[in-house]
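Step one of this worksheet: look at the structure below.
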2 protein chains.
Amino acid sequence: MNTRERLIEGARELLWERGYVGMSPKAIQRKAEAGQGSMYHHFSGKTELAEVALRRSAETLRGQTEKQLSAGGSALERIAAYLLRDRDVLRGCPIGRLAQDPEVIADPRLRRPLNETFSWLRDRLAEIVRQGVAQGEFSPELDAADTAAAMVAVLQGGYVLARASGSAEPFASAVRGAVALLSARATKSTTPGHRS
Amino acid sequence: MNTRERLIEGARELLWERGYVGMSPKAIQRKAEAGQGSMYHHFSGKTELAEVALRRSAETLRGQTEKQLSAGGSALERIAAYLLRDRDVLRGCPIGRLAQDPEVIADPRLRRPLNETFSWLRDRLAEIVRQGVAQGEFSPELDAADTAAAMVAVLQGGYVLARASGSAEPFASAVRGAVALLSARATKSTTPGHRS
DNA sequence: GTCTATACGCTGATAGAC
DNA sequence: GTCTATCAGCGTATAGAC
């Protein structure tokens, strides 16, 4: 891995751990084993490096998620599998965590990757809900966009509860609660996770 | 308001806006119109001041919430009213936002108020769900703790989606989705917000 | 491309006068 | 209780040599 790459990867980790406000150029350089000069040669400053790092994290997350969501199964099964997948809960979401950073939110360049990621995710889940409704799997009363937003919010809020308590349990509890509520709207009662 | 009070209130606002990592002693002093000496006279340092400020914010939030939740109405109505109440969505939650702060999470003194707040909130909502089940309002299959966790997570995650997009809409959408899912588990179909 | 030097303001305090 | 002075180190760079 070359110096530029190491700087980007170092910034990705620090943004995840500490946020933009809590990430210093010095810390990036230490993590990347790069000098001051290298960093300012490859990037105009902290902001530009953070932007590149953020875009990469967003891309990575989207790739993983799409893989999960396009796997086989009914609509309910796919959504449940996504919600219930293994996560490093106490580390939080590498994208969502930056929504609390005041300087990320204030800078359109840094905020855009967050917005794009969550817009895409909500749309993608809404599409699956809509398919489920079209195939008679879900009640037609289910609003696809609102249901999708609720599912994404449960994940993001689950991270908050878990970190606040120092345990992954509240995350798991919230996700179980959400899956149970969604399952109850399925016309055929498919138990998620067990192919019928 | 005396100097000590102004320091606490200044710290509360800065913790909400910028988090612990992003809040500097100098900024607190400016906001409180207090000198360096005053701050270190009343508090041993940044951490102690933050702890006092955090406890007060937690107490305030709990007071407001309890008022909402103990108002009249059916279980569904009370939960829906709490979820749908007016909030300054783009500012985020003054407690939940600190769950992303690495130094808050690393310090048990600072983390405790977060943990206590969310533990209390989940228990309180679970109690209401349980009452709803006992009175035949909700399906007995509803797990009270998981449902409560999901509702709290929707709120916290809703803030994340709203801030990421720069609009309150995704928060509203997620809450509508959650209320709709919960309403569907009510045995009598009460439309929340409209007394039947 | 990477290194060292330099800069200026801020961070998070402590000390001591008033 | 509040003020001013002082401090070592960090944050976020820029300049210029190699």
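Proteins get letters first, then strands, A, B, ... in listed order; numbering begins at 1 in each. The figures that follow rest on heavy atoms only: side chains count, while hydrogens, waters and symmetry mates do not.
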**Message:** Run the side-chain contact (heavy atoms from CB on, under 4.5 Å) test on A:V152 and A:F118 for me, step by step, so that the C-alpha distance in whole Å, both residues' side-chain angles and the decisive distance to 0.1 Å come before the verdict.
**Reply:** CA-CA 8 Å; A:V152 179; A:F118 287 119; 4.0 Å; yes

**Message:** To check you understand the geometry: which heavy-atom pair defines the closest contact between B:G19 and B:L98, and what is its length?
**Reply:** CA-CD2, 3.8 Å

**Item:** d(CD, A:E48; P, D:dA13) in whole Å
**Value:** 11 Å

**Message:** Any carboxylate oxygen within less than 4.0 angstrom of a Lys/Arg side-chain nitrogen, looking at B:E103 and B:R111?
**Reply:** no

**Prompt:** In residues 10-35 of chain B, which residues come under 4.0 Å of DNA chain D by heavy atom?
**Reply:** B:G35

**Asked** Roughly, in whole Å, what's the span from CD in A:Q36 to C1' in D:dG11?
**Response** 9 Å

**Message:** For a quick test of reading the model: is some side-chain N or O of A:T3 closer than 4.0 Å to OP1 or OP2 of C:dG1?
**Reply:** no

**Message:** Checking contacts here: which listed nucleotide (C:dT2, D:dT2, C:dA5) is nearest the side-chain heavy atoms of A:S38?
**Reply:** C:dT2

**Request:** Apply side-chain contact (heavy atoms from CB on, under 4.5 Å) to the pair A:F138 and A:T147, showing each step before the final yes or no.
**Result:** CA-CA 11 Å; A:F138 285 132; A:T147 305; over 6 Å; no

**Asked** To the nearest Å, how far apart are A:K46 NZ and C:dC10 C1'?
**Response** 13 Å

**Request:** Would you check, one step at a time, whether the test salt bridge (charged side-chain N to carboxylate O under 4.0 Å, His left out) holds for A:K46 with A:E51?
**Result:** CA-CA 9 Å; A:K46 177 181 163 175; A:E51 192 191 340; over 6 Å; no

**Message:** Check this for me, if you would: do B:E9 and B:R6 make a salt bridge, where the nitrogen-to-carboxylate-oxygen distance has to be below 4.0 angstrom?
**Reply:** no

**Asked** Closest to the A:Y40 side chain: C:dT2, C:dA13, D:dA13?
**Response** D:dA13

**Item:** Protein-nucleotide distance (A:M39, atom CE; C:dT4, atom C1'), rounded to Å
**Value:** 17 Å

**Asked** Salt bridge or not for A:K31 and A:E17, using N-O below 4.0 Å?
**Response** yes

**Asked** When you measure from every atom of DNA chain D, which of residues 102-112 of chain A have a heavy atom less than 4.0 Å away?
**Response** none

**Prompt:** Is there a donor-acceptor contact under 3.5 Å from the side chain of A:S173 to the main chain of A:E169?
**Reply:** no

**Asked** Taking NE2 from B:H41 and P from C:dG16, how many angstroms apart are they, rounded to a whole number?
**Response** 18 Å

**Request:** Let me know the distance between CZ of B:F43 and C1' of D:dG1, rounded to the nearest Å.
**Result:** 13 Å

**Asked** Under a 4.0 Å N-O cut-off, is there an ion pair linking A:R130 with A:E127?
**Response** no

**Asked** Would you say B:H42 reaches D:dT2's phosphate, i.e. side-chain N/O to OP1/OP2 under 4.0 Å?
**Response** yes

